[in-house]
Number of protein chains: 2
Amino acid sequence: MRYSHSAQGKTRPPQALDPRKQPTQSRATETVNAVLEAAARILEKHGFEGYTTNAIAERAGVSIGSLYQYFPGKDAVTVALIERELTLLSADVTEADSIADYRDAMHHLIKAAVTHQMRRPKLARLLDFEQSRLPIAPRIRHVTDAIHRTLLRTFSRPGAPYIRNMQEAAFDLIAIAKGIVDAAGERGETDAHRLEERVRRAVYGYLGISSPSRRGL
Amino acid sequence: MRYSHSAQGKTRPPQALDPRKQPTQSRATETVNAVLEAAARILEKHGFEGYTTNAIAERAGVSIGSLYQYFPGKDAVTVALIERELTLLSADVTEADSIADYRDAMHHLIKAAVTHQMRRPKLARLLDFEQSRLPIAPRIRHVTDAIHRTLLRTFSRPGAPYIRNMQEAAFDLIAIAKGIVDAAGERGETDAHRLEERVRRAVYGYLGISSPSRRGL
DNA sequence: AGCGCACATGAGCTTTCGCTCATATTCTAT
DNA sequence: ATAGAATATGAGCGAAAGCTCATGTGCGCT
């Protein structure tokens with residue numbers, strides 16, 4: 001009976017989990033944001049090792065009681081953080097929908113993926129891992145689905161190569177980008193452009209299209 | 001703090017000046033193996049959630065005290081398990097050194113990587129994560145270095161394409177394979193051949209060589 | 001001023017988990 | 001058979017972590 005899911009067992013009367021409910025730039029929102037950023041920073045600095053609710057609250061400058069006023073449990077903090085980060089990525093990714101040329105759209109997608117994973121590399125990696133451990137939260141599902149749909153739409157463009165299994169390809173492309181960037185991040189690489197170029201080679205190879213322009217490797 | 005090698009720190013008598021002890025491995029080895037396999041099974045079934053020393057000992061059919069007789073701490077169990085799994089991979093990978101043709105060697109490497117990651121997908125994924133969290137154990141370093149060297153040797157074969165940065169390429173290839181296979185494993189895919197084919201496309205694209213045995217994609 | 005509501009606080013409860021150590025058991029040598 | 005070394009056992013200790021709740025504090029309203 002450890003990890004509490006997003007929903008709650010006990011009768012906790014008031015609002016709890018929803019960070020964006022009131023139109024006011026309220027103290028509640030401030031606290032929620034402070035907690036999320038504190039959680040992010042702790043994950044980046046100490047990993048799961050130091051990722052405790054007490055540490056998060058202290059770093060956020062709020063009491064532990066306040067943290068539990070806005071989040072039903074530790075996992076809810078993590079889920080909210082995942083949602084926050086994925087929303088940033090999603091906003092970037094969906095821009096591809098308004099790019100006419102297929103190649104330009106693909107380029108944009110790869111850049112978005114690499115940029116996201118490089119922005120806060122350790123955080124992205126750790127959250128990714130937690131996401132696989134946690135029960136699938138609808139709020140997260142919603143965001144990842146939007147990303148996925150943009151990929152599928154891009155694959156269906158005029159000018160796009162034939163792709164046997166688009167669903168599969170969408171997952172694989174994300175996996176390739178994450179794989180290369182995460183591993184590089186762990187080794188301390190920081191040059192996003194180089195990484196982008198390498199991811200592009202792998203992705204274009206995967207899709208069976210020749211690398212555009214490009215130096216001969 | 002804890003971590004360290006798989007065996008004990010005390011002076012263990014080399015056992016067996018008495019030749020009658022042949023058919024059964026020593027009890028120490030039995031216990032160590034039981035513990036490692038128990039640890040593996042718990043990780044596969046419950047993830048880090050249920051990965052406690054008491055649970056490992058119980059599942060291995062030994063007492064918690066015995067576990068600590070052979071391992072200086074919990075992390076040492078994990079390190080030994082990582083070493084055990086990586087050694088299997090390494091044995092497979094280094095076979096590539098005795099394959100004459102460059103393409104055949106690459107094919108073998110990719111197959112080995114995919115097979116390893118697919119054999120016990122969840123275990124491989126979790127151990128991979130732990131490896132990044134733990135201080136670098138020399139025994140593990142040794143095994144991964146051997147794998148890495150085989151990759152570099154393969155890249156240097158006659159017939160191999162020009163590769164600008166072989167170190168980087170070696171890391172990237174492993175990352176691509178892990179990325180694709182891990183993500184697929186999480187979605188429940190089990191067809192190793194299909195995965196191999198996809199990894200090959202990405203890898204060959206990355207290396208800038210056209211995919212051999214052409215299925216039109 | 002007085003009242004009541006909304007939220008903040010943090011000491012501390014409860015449980016879990018890594019690990020120890022006093023004791024028991026098994027093995028080996030004589 | 002007996003001593004003594006080697007090894008196994010598991011109750012339980014100390015620390016850590018998630019979470020609660022009795023109490024405190026600020027604020028709007030009358």
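To find a chain, count down the sequence lines: A is the first, B the second, and so on, and within it residues start at 1. These figures come from a predicted structure and were not determined experimentally.
Shown here are the salt bridge (charged side-chain N to carboxylate O under 4.0 Å, His left out) partners of B/E85, two or more places apart in sequence or in another chain: B/R119. Evaluation of the salt bridge (charged side-chain N to carboxylate O under 4.0 Å, His left out) rule for A/R41 yields A/E37 as partners, not counting sequence neighbours.
Residue pairs meeting the ring pair (Phe, Tyr, Trp, His ring centres under 6.0 Å) criterion with at least one member in residues 111-133 of chain B, sequence neighbours excluded, are A/F48-B/F129, A/F129-B/F129. Residue pairs meeting the salt bridge (Lys or Arg N to Asp or Glu O under 4.0 Å) criterion with at least one member in residues 173-186 of chain A, sequence neighbours excluded, are A/R125-A/E186, A/D128-A/K178.
The stretch residues 54-66 of chain B touches DNA chain C through B/N54, B/I64, each having a heavy atom within less than 4.0 Å of the strand.
Between C/dA8 and A/Y70, a contact under 4.0 Å exists linking OP1 or OP2 to a side-chain N or O.
Distance B/E49 CD to D/dG18 C1': 12 Å, rounded to the nearest Å. A straight line from NZ of A/K74 to C1' of D/dT20 spans 17 Å, rounded to a whole angstrom. Distance, A/F48 CZ to C/dC17 C1': 19 Å, rounded to whole Å. The OH atom of A/Y68 sits 16 Å away from the P atom of C/dA8 (whole-angstrom rounding). Atom CG of B/D75 and atom P of C/dG18 are 10 Å apart (whole Å). In this structure, A/Q69 places its CD atom 12 Å from C1' of C/dC5, rounding to the nearest Å.
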Throw together a table of side-chain donor-acceptor distances under 3.5 angstrom for residues 141-148 of chain A, partners on residues two or more places apart or in other chains.
from   : atom 1 : to     : atom 2 : distance (Å)
A/T144 : OG1    : A/I140 : O      : 3.3
A/T144 : OG1    : A/R141 : O      : 2.9
A/H148 : NE2    : A/Q167 : OE1    : 3.1

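Projected onto DNA chain D by closest heavy-atom contact, A/T52 and B/L67 fall at different nucleotides, the more 5' of which corresponds to B/L67.
Between B/D75 and B/R133 there is a salt bridge, with a side-chain nitrogen of the basic residue lying less than 4.0 Å from a carboxylate oxygen of the acidic one.
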